[in-house]
Asker: 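Before we start, here is the structure in question, set down as structure tokens.
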Number of protein chains: 2
Amino acid sequence: MNTTISTSEWQIMRVIWTLGEATSNQIIRILCAETDWQPSTVKTLITRLIKKGIISHNGAARDRIYTATITEKVAMVDTLSTTLHEMCAMCVGDALVNALADTPLSQTDISHLQALLAKKSKTAPPTIACNCIPKGWEACHDDREKK
Amino acid sequence: MNTTISTSEWQIMRVIWTLGEATSNQIIRILCAETDWQPSTVKTLITRLIKKGIISHNGAARDRIYTATITEKVAMVDTLSTTLHEMCAMCVGDALVNALADTPLSQTDISHLQALLAKKSKTAPPTIACNCIPKGWEACHDDREKK
DNA sequence: TTTTTAAGTTTACAGTTGTAAACTATAGAT
DNA sequence: ATCTATAGTTTACAACTGTAAACTTAAAAA
């Protein structure tokens with residue numbers, strides 16, 4: 001089961017997660033109002049999400065009720081973690097500072113993040129090594145120099 | 001100029017960013033050792049990145065030197081911001097706490113993040129509203145109930 | 001009962017991505 | 001001068017995405 005949610009599919013999921021459960025009619029009405037999609041586009045995306053196993057429905061032949069098979073939180077944490085792990089570990093902290101500067105956070109969010117950081121700082125290393133190229137391969141720099 | 005960097009292309013970029021500049025030979029040697037890619041795969045990805053304008057090279061016909069046209073930081077912040085904005089604003093904070101729990105951060109990273117959070121907390125609202133469905137559309141819930 | 005509406009299914013089609021073989025041409029080795 | 005290795009270019013091909021029209025069928029309206 002491919003658990004990758006594409007950008008467009010993500011929109012469908014947000015509606016379903018927020019409403020808890022939804023009919024295609026609801027999803028179509030909401031998303032066609034917010035985006036310039038046609039109803040067909042939403043239908044296609046719903047079908048793909050079903051095929052991917054990310055949503056399911058009560059067996060009705062019509063006016064089905066769709067629900068998510070994974071929680072919003074799991075999907076979000078998963079996506080974020082994947083993105084962060086795709087990047088240079090040494091640079092992630094700095095990038096986060098810059099990305100979060102522009103991200104709305106509530107007082108509660110901030111408190112929770114502060115608590116996490118306080119805890120992490122107890123065991124955090126002074127520096128994180130770059131993990132973009134394996135150690136020893138710095139020798140690659142010499143390749144050109146020897147010419 | 002399409003500035004989207006795919007997952008595979010990201011690997012190429014990390015090598016170039018880390019070395020500052022690199023020949024295809026270096027990129028191929030490093031990535032073929034780290035992944036199970038063939039040299040051709042790396043060549044294709046380099047070509048695509050050139051076409052996208054994300055890297056460029058000195059005009060040499062052979063043994064070109066490739067460099068990035070955007071900094072690693074810009075690319076990272078951009079990617080992170082895009083990802084965060086794709087998600088429910090109300091849930092982002094919570095997802096971050098969970099994603100960061102598993103992300104290595106240095107003491108310095110943590111200090112910088114703490115400074116940012118301290119600053120943000122001065123003006124942060126008590127809560128962030130869900131922005132998954134437009135206000136007023138909660139009426140969608142009623143659709144099914146009226147049947 | 002006939003018509004209309006809309007939910008779900010099929011088909012479409014181009015662009016992106018992952019992955020790579022084959023081909024071309026040239027710089028360096030012999 | 002000839003050969004060889006390899007850097008760069010072309011071609012390939014399936015899966016995934018974005019976007020949507022067309023078709024089918026059943027429920028609701030007239």
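Side chains included, hydrogens not; waters and symmetry mates left out as well; all remaining heavy atoms used. Residue numbers begin at 1 in each chain, while the letters A, B, ... track the order of the sequences.
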Asker: According to the ring-ring contact (aromatic ring centres under 6.0 Å, His included) rule, which pairs have a member within residues 70-109 of chain A, sequence neighbours left out?
Answerer: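 The answer is none; no pair qualifies.
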Asker: Can you identify which nucleotide, out of C/dG8, C/dG18, C/dA12, has its nearest atom closest to the A/Arg48 side chain?
Answerer: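 For A/Arg48, the side-chain atoms sit closest to C/dA12.
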Asker: Contacts to DNA chain D from residues 32-42 of chain A, heavy-atom cutoff under 4.0 Å, which residues?
Answerer: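 Per residue number, the list reads A/Asp36, A/Trp37, A/Gln38, A/Ser40, A/Thr41.
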Asker: By salt bridge (charged side-chain N to carboxylate O under 4.0 Å, His left out), which residues pair with B/Asp94, not counting sequence neighbours?
Answerer: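 B/Asp94 satisfies salt bridge (charged side-chain N to carboxylate O under 4.0 Å, His left out) with A/Lys73 only.
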Asker: Would you classify A/Thr44 as touching base, sugar-phosphate or nothing, given that sugar-phosphate means primed atoms plus P, OP1 and OP2, and contacts are heavy atoms under 4.0 Å?
Answerer: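 A/Thr44: base contact, heavy atoms under 4.0 Å.
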Asker: Report yes if a side-chain nitrogen or oxygen of A/Tyr66 is closer than 4.0 Å to either non-bridging phosphate oxygen (OP1 or OP2) of C/dG8; otherwise report no.
Answerer: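 For C/dG8, OP1/OP2 do have a side-chain N/O of A/Tyr66 under 4.0 Å.
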Asker: Does any donor-acceptor pair link the side chain of B/Arg62 with the base of C/dG28 at a separation under 3.5 Å?
Answerer: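 Such a pair does not exist between side chain and base.
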Asker: Hey, are B/Lys52 and B/Glu9 close enough for a salt bridge, meaning a charged N less than 4.0 Å from a carboxylate O?
Answerer: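 Salt bridge: yes.
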Asker: Applying ring pair (Phe, Tyr, Trp, His ring centres under 6.0 Å), name anything that partners A/His57, two or more places apart in sequence or on another chain.
Answerer: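 Per chain and number, A/His57 pairs via ring pair (Phe, Tyr, Trp, His ring centres under 6.0 Å) with A/Tyr66.
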Asker: How close or far is atom C1' of C/dT19 from atom CD1 of B/Ile28, stated in whole angstroms?
Answerer: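 Going from B/Ile28 (CD1) to C/dT19 (C1'), I get 14 Å.
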Asker: Measure from CG on A/Leu49 to C1' on D/dG18 and round the result to the nearest Å.
Answerer: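 Spelled out: CG on A/Leu49 to C1' on D/dG18 is 13 Å.
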Asker: Taking only residues two or more places apart in sequence, or in another chain, which ones meet B/Ser121 in a side-chain contact (heavy atoms from CB on, under 4.5 Å)?
Answerer: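 Counting only residues at least two positions away or on another chain, B/Ser121 forms a side-chain contact (heavy atoms from CB on, under 4.5 Å) with A/Gln107, A/Ile110.
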Asker: Starting from P on C/dA6, measure out to CD1 on A/Ile46 and report it in whole angstrom.
Answerer: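 In whole Å, C/dA6 P lies 16 Å from A/Ile46 CD1.
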Asker: Output yes when at least one side-chain N/O atom of B/Asn25 is less than 4.0 Å from OP1 or OP2 of D/dT6, else no.
Answerer: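 Checking D/dT6 against B/Asn25, no side-chain N or O comes under 4.0 Å of OP1 or OP2.
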Asker: May I have the distance from A/Lys51 (atom NZ) to D/dG18 (atom P), rounded to whole angstrom?
Answerer: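 Atom-to-atom, A/Lys51 to D/dG18, this comes out as 15 Å.
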Asker: Among C/dT17, D/dT17, D/dG18, which nucleotide sits nearest the side chain of A/Lys52?
Answerer: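 My answer, after comparing the listed nucleotides, is D/dT17.
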Asker: Could you tell me whether the phosphate oxygens of D/dT19, OP1 or OP2, come under 4.0 Å of any side-chain nitrogen or oxygen in A/Ser8?
Answerer: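 For D/dT19, OP1/OP2 do have a side-chain N/O of A/Ser8 under 4.0 Å.
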Asker: Between A/Ala61 and A/Leu45, which residue's closest nucleotide on DNA chain D lies nearer the 5′ terminus?
Answerer: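 The 5'-side residue here is A/Leu45.
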Asker: Kindly say if A/Ser24 contacts the phosphate of C/dG8, meaning a side-chain N or O under 4.0 Å from OP1 or OP2.
Answerer: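 Affirmative; the distance criterion is met.
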Asker: Do B/Ile128 and A/Leu96 belong to the same hydrophobic cluster, where Ile, Leu, Val, Met, Phe, Trp and Tyr are linked whenever their side-chain heavy atoms lie under 4.5 Å apart, directly or via other members?
Answerer: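 Different clusters.
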Asker: Name the residue closer to the 5' end of DNA chain D, choosing between A/Lys43 and B/Ala60 according to the nucleotide with the nearest heavy atom.
Answerer: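 The residue closer to the strand's 5' end, by nearest nucleotide, is B/Ala60.
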Asker: For B/Trp10, enumerate each residue passing the ring pair (Phe, Tyr, Trp, His ring centres under 6.0 Å) test, keeping only those at least two apart in sequence or located in another chain.
Answerer: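 If we apply the ring pair (Phe, Tyr, Trp, His ring centres under 6.0 Å) test to B/Trp10, skipping adjacent residues, the hits are B/Trp17.
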